[in-house]
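Written out below as structure tokens is the structure these notes cover.
Numbered from 1 within each chain, the chains take letters A, B, ... in sequence-line order.
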Protein chains: 2
Amino acid sequence: MHPYINNLSVDCVIFGFDNNTLNVLLTKRQLDDPETGEVIFTDYTVQGHHVLKGERINDAALRVLKDKTGLDNIYLEQFYTFGDTNRLHKERDQLWLKGKFPMMSDHVISVGYCSLVNSAKVQPDLQHQDTSWFPVDNLPLLGFDHETMIMMALEFLRDKIRKEPIGFELLPEKFTLTLLQNLYETVLGIKLDRRNFRKKVAQMKYIISLDEKQKGVAHKPAQVFIFSKDVYERTKKEKLDFSI
Amino acid sequence: MHPYINNLSVDCVIFGFDNNTLNVLLTKRQLDDPETGEVIFTDYTVQGHHVLKGERINDAALRVLKDKTGLDNIYLEQFYTFGDTNRLHKERDQLWLKGKFPMMSDHVISVGYCSLVNSAKVQPDLQHQDTSWFPVDNLPLLGFDHETMIMMALEFLRDKIRKEPIGFELLPEKFTLTLLQNLYETVLGIKLDRRNFRKKVAQMKYIISLDEKQKGVAHKPAQVFIFSKDVYERTKKEKLDFSI
DNA sequence: TGCTGTTGTGTATTTATTACACTAACTAAA
DNA sequence: TTTAGTTAGTGTAATAAATACACAACAGCA
């Protein structure tokens with residue numbers, strides 16, 4: 001009797017932003033030969049775990065996040081549920097599961113979550129585990145169906161960031177408009193005109209300038225802004241689009 | 001040994017459109033006392049079923065659709081996975097499960113699918129089962145967490161229909177612009193200006209007018225249009241929004 | 001032949017989007 | 001202390017999109 005459900009897991013694709021790179025948090029997976037100690041393979045996976053008996057799946061995702069980053073209260077949203085029968089059937093994955101988790105079902109359904117964090121806050125916890133950031137456009141070899149998973153999470157993020165102000169979850173609380181623009185350019189892979197971007201931001205009442213400037217930079221210091229979710233919720237509008 | 005997985009199901013929220021109503025397809029659920037034959041309760045549920053062993057969840061959803069509507073090849077998309085521990089714990093639901101499905105887990109995870117159909121095509125199959133259409137704004141008593149499920153599917157539909165041309169899935173292949181406008185007004189619960197609506201549609205190369213008019217109507221007959229997914233895919237554009 | 005009900009159309013006004021280049025403010029190095 | 005280097009911050013004109021609004025054309029039916 002195990003405390004987890006053997007055919008159900010959650011996987012969190014955790015994104016972080018780093019000035020001009022969008023990163024994913026990945027954990028190294030290494031299988032050694034039990035006799036010789038030789039390394040059979042090494043690859044990476046996103047942060048996942050089986051759901052515990054009596055645990056809500058959303059709580060399972062929060063638990064995984066807390067375990068791997070030390071953070072709670074961060075942006076987290078389901079984006080897709082992976083239920084193909086062969087999603088764990090690559091040779092590496094079968095070796096891994098047979099070797100380490102023989103009690104698991106070989107048809108595990110995984111609920112995928114997309115999470116956005118301010119990566120500065122995550123750093124401290126990275127030491128213990130073989131966990132680190134990889135740029136989304138330069139991923140290492142990945143286990144299971146996690147490459148697909150990351151690509152779908154990224155598409156989810158790109159769709160969502162165009163339509164809702166979730167980008168701020170990736171930034172420090174206080175940010176400059178240049179950083180914000182960088183973020184949009186990086187995530188969406190496009191270039192934006194600075195003046196037009198700032199004109200647009202100026203219309204958004206929920207991006208609020210502080211009486212405070214950047215310090216210690218070798219150029220004109222930028223104005224500092226914060227994002228107010230509260231103001232956003234109270235001023236947002238809907239649009240018709242369906243899409244030309 | 002049962003052929004299905006006892007803690008995993010799919011539920012399809014099937015929407016149909018009927019000139020000026022948005023409907024959901026629901027099946028009656030009735031529990032009778034096995035001794036007296038007395039009706040213990042009656043309510044409705046969306047179309048769902050457990051996933052079979054060795055079956056992909058998307059295939060399970062297709063199977064449910066085929067079984068309940070006789071249709072394949074229809075619009076179907078995951079919108080959310082329901083994994084709360086108490087989602088089957090209402091009194092009615094427990095009586096039902098204990099009475100009819102004692103072998104099921106009492107923590108069933110359900111993957112919710114949103115499906116859009118041309119309801120004219122579904123009619124024939126409705127006879128056999130206690131299955132019928134209900135307006136989304138006048139739902140009967142619902143079992144399990146299916147009221148939440150329908151509301152989330154509806155929200156998904158409303159979001160999606162603003163941004164992607166999926167409304168056509170709810171219409172006959174050939175439709176008039178007035179019907180199309182009705183659809184948007186009904187689904188979104190707003191009023192649109194006819195001239196502006198048509199101006200917008202005129203820009204969409206993928207809504208194509210036929211050399212054909214409405215027949216047998218006691219007024220000026222309307223032009224008939226079709227939707228081309230192919231043209232859509234090849235002409236669509238992305239926009240930045242993040243949302244004022 | 002006229003009544004009813006729905007279709008189809010144009011223009012003017014306001015609002016949003018795009019394209020584009022120079023000065024201001026700070027640090028670091030000479 | 002001066003200068004060079006670097007990023008911040010700003011406005012306008014042109015084009016495109018959104019909105020508001022009213023009347024004639026066409027078919028069936030009485």
Side-chain angles (χ1 to χ4, degrees), chain A residues 17-20 162-163 165 171-172 174-186 188 190-226 235-244, chain B residues 18-20 161-163 165 171-172 174-186 188 190-226 235-244:
Chain A
F17 176 68
D18 177 18
N19 265 290
N20 42 27
R162 282 178 181 275
K163 291 155 191 167
L171 297 179
K174 300 175 178 184
F175 52 86
T176 66
L177 295 188
T178 299
L179 186 62
L180 184 63
Q181 183 177 344
N182 265 343
L183 171 67
Y184 277 89
E185 291 182 337
T186 303
L188 297 175
I190 56 179
K191 272 285 170 203
L192 299 168
D193 176 88
R194 191 157 82 241
R195 283 191 277 197
N196 294 337
F197 182 83
R198 294 164 103 93
K199 213 184 299 174
K200 186 137 203 166
V201 168
Q203 296 176 270
M204 301 174 185
K205 301 287 177 53
Y206 55 84
I207 299 179
I208 299 163
S209 87
L210 300 181
D211 290 333
E212 188 179 336
K213 304 228 166 205
Q214 242 180 342
K215 281 200 190 95
V217 287
H219 55 75
K220 179 172 174 178
Q223 188 77 7
V224 169
F225 291 77
I226 54 169
T235 58
K236 69 179 169 183
K237 300 170 198 151
E238 301 279 7
K239 294 184 192 169
L240 185 63
D241 194 339
F242 75 105
S243 195
I244 295 180
Chain B
D18 177 19
N19 265 288
N20 42 28
I161 206 173
R162 282 179 181 275
K163 291 156 190 167
L171 297 179
K174 300 174 177 186
F175 52 85
T176 66
L177 294 188
T178 300
L179 185 62
L180 185 63
Q181 185 177 341
N182 265 344
L183 171 67
Y184 278 89
E185 291 183 337
T186 302
L188 297 174
I190 56 179
K191 272 285 171 204
L192 299 169
D193 175 87
R194 192 158 80 239
R195 284 191 276 199
N196 294 336
F197 182 81
R198 293 164 104 94
K199 214 182 301 175
K200 186 136 201 166
V201 168
Q203 297 177 268
M204 301 175 186
K205 301 287 177 52
Y206 55 85
I207 299 180
I208 299 164
S209 87
L210 301 181
D211 290 334
E212 189 180 335
K213 304 230 164 202
Q214 241 180 345
K215 282 200 190 94
V217 287
H219 55 74
K220 178 171 175 178
Q223 186 77 6
V224 169
F225 290 78
I226 55 169
T235 58
K236 69 180 170 182
K237 299 169 197 149
E238 302 278 8
K239 294 184 191 169
L240 185 63
D241 193 340
F242 76 104
S243 197
I244 295 178

Would you call the rings of A/F175 and A/F225 parallel, tilted or perpendicular, taking 30° and 60° as the class edges?
parallel
Tell me: CE of B/M204 to C1' of D/dA17, nearest whole Å?
12 Å
Specify the separation, in whole Å, of atom CG of B/L180 and atom C1' of C/dG8.
16 Å
Value for CD (B/Q181) from CG (B/N196), rounded to nearest 0.5 Å, stands at 9.5 Å
D/dT7 OP1/OP2 closer than 4.0 Å to side-chain N/O of A/T178
no
Give the rounded distance in Å between these two atoms: NZ of B/K200 and C1' of D/dA16.
12 Å
Are any non-hydrogen side-chain atoms of A/F17 and A/L179 less than 4.5 angstrom apart?
yes
CD1 on B/I207 to CG on B/L180, rounded to 0.5 Å
5.5 Å
Could you go through nucleotides 19-22 of chain C and list every protein N or O atom that sits under 3.5 Å from one of its N or O atoms, giving the distance for each pair?
from, atom 1, to, atom 2, distance (Å)
C/dA19, N7, A/N196, ND2, 3.0
C/dA19, N6, A/N196, OD1, 3.4
C/dA19, N6, A/K199, NZ, 3.3
C/dC20, N3, A/R195, NH2, 3.2
C/dC20, N4, A/D193, OD2, 3.4
C/dC20, N4, A/R195, NE, 3.4
C/dA21, N1, A/R195, NH1, 3.3

Got B/L192 and B/R198 here, is their nearest side-chain heavy-atom distance under 4.5 Å?
no
Calculate, to the nearest 0.5 Å, the distance between atoms CG and CG belonging to B/N19 and B/L171 respectively.
10.0 Å
Nearest 0.5 Å, please: how far is CD in A/E185 from CZ in A/F197?
8.0 Å
Can you measure from CG (B/L188) to CZ (B/R162) and round to the nearest 0.5 angstrom?
5.0 Å
Nearest-Å distance, CG (A/N19) to P (D/dT7)?
11 Å
Under 3.5 Å: donor-acceptor pair, side chain of A/Q214, backbone of A/Q223:
no
Whole-Å distance, B/Q223 CD to D/dA25 P, equals 18 Å
Hey, what are the protein-to-nucleotides 27-30 of chain D N/O distances that come in under 3.5 Å?
from, atom 1, to, atom 2, distance (Å)
D/dA27, O4', B/H219, O, 3.4

Axis-to-axis angle across the helix from C/dT1-D/dA30 to C/dA30-D/dT1, five pairs each end, nearest 10 degrees, ~ 10°
CG of A/L183 to CG of A/D18, rounded to nearest 0.5 Å, is 11.5 Å
Rounded to whole Å, please give me the gap between CD in B/Q181 and C1' in C/dG8.
12 Å
Without decimals, in angstroms, what is the distance between B/R162 CZ and D/dA18 P?
13 Å
Taken to the nearest whole Å, CZ/B/F225 to P/C/dT7 is 12 Å
Within the structure provided, determine whether A/I226 and A/S209 are in side-chain contact (heavy-atom separation under 4.5 Å).
no
